[in-house]
Amino acid sequence: MTEIPATAFVRYRAIGERYRQETAAENDIRRRLGNATQTLRGLQAELAQLAEPRQLHGFGGRLQSIAADADAIAEVERRIKATEGEITLLSREAERAEARKSDAGDLLGCCSAHLLDLGAQRSQLDF
Amino acid sequence: MTVLEKVRAKIGAARKALASAGDSVEGVREAIRQLEAERQAVQSAPVPLAEAVEAVEQTIDRLCGAAQYDTADSVLFAAQRGQPVGIDVHSHMGANFGFLVQCLRAPLRAALVVKLEEDYRDLQPGLPADARAEKLAQLDRELLELGHQEEALITELAGLGIEVSRRGDADPRAVLGLSE
């Protein structure tokens, strides 16, 4: 059986740590993506509510009411657009983070399999 | 030159060094990709005609081997078990086929070789088995060496605070700093 140098285990643990970091980074992006999606749903509901026809009580009141709603609608629409943009960016970022995590995971798997082939104990591969 | 200009110049130089370091890792990776493509081509190239003919002969031998089934059991003793007497074609399909191959061995071999020769007219065969194994071993050694070079660069850059992601399909021996 081959004598495995201690440096190999040090490197292995560094790769494990990298995998852990990539996983945490991806989870963080997914959490932000989830929050943004939630915000978008809230804004869409708000927009639907604002767009609903109101009961008007008189000519003067009607004009005033329409003007106020149009501003509010425009503001919500602006926020929806901004949130959609954020979601697009976060989705791309999440894909990249997932690819990095996947690469790190594949490498970690190959390294642990190789060390086991060389006769390492499973307990030596904990990190 | 003002202090700000000096700092800017240093930042510019650092950026260039960073780009150059990234290029050197990419250069090694490109060399790895090319070697891997060469390895794939060597490995998957058609075997020489002589080896293909040998493989056909081995296949015929194997099929003939399957013919040594218990015909006696199938035909002679079936009655003792209260089964219809005769060759049980369905249960012994492989054996029957093998028997057929055994009977037609010579013409079958000749026909298959003719067919192979026809197919090989448009093929560019690869290396013979020994040379192929030798070439693959040589390419594997070169790939491992490049893997070690790539890892050395990544480690050196990490020491300078520059993180370069490792490839998911990197050779674990290179990444772990092992020779085997």
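A note on names: the letters A, B, ... follow the listed sequences, proteins ahead of strands, and every chain is numbered from 1. Fair warning: this is a prediction, and the values are worked out from it, not measured in the lab.
Looking only at side-chain heavy atoms (C-beta outward), B/Leu178 and A/Leu118 come within less than 4.5 Å of each other. Looking only at side-chain heavy atoms (C-beta outward), B/Asp169 and A/Asp106 stay at 4.5 Å or farther from each other.
Side-chain contact of A/Arg18 with B/Ser165: a donor-acceptor pair under 3.5 Å is present, judged by distance alone.
Contacts between B/Arg167 and chain A at a heavy-atom distance below 4.5 Å involve the backbone alone (N, CA, C, O). For B/Ala174, the part sitting under 4.5 Å from any heavy atom of chain A is the backbone (N, CA, C, O) and nothing else.
Shown here is A/Arg92, whose CZ atom has no more than 12 heavy atoms of other residues, nucleotides or ligands within 6.0 Å. For CG of B/Asp130, the number of neighbouring non-hydrogen atoms (other residues, nucleotides, ligands) closer than 6.0 Å is 12 at most. The neighbour count for A/Glu17 CD, taken as heavy atoms of other residues, nucleotides or ligands under 6.0 Å away, is above 12. Counting non-hydrogen atoms of neighbouring residues, nucleotides and ligands closer than 6.0 angstrom, the CD atom of B/Gln124 reaches no more than 12 such neighbours.
Among the candidates A/Leu107, A/Leu115, A/Thr7, A/Ile15, the residue making the largest number of heavy-atom pairs closer than 4.5 Å to chain B is A/Leu107.
Put simply, CZ on B/Arg173 and SG on A/Cys110 are 11.5 Å apart, with the number rounded to the nearest 0.5 Å. From A/Arg100, atom CZ reaches atom CZ of B/Arg166 across 15.0 Å, with rounding to the nearest 0.5 Å.
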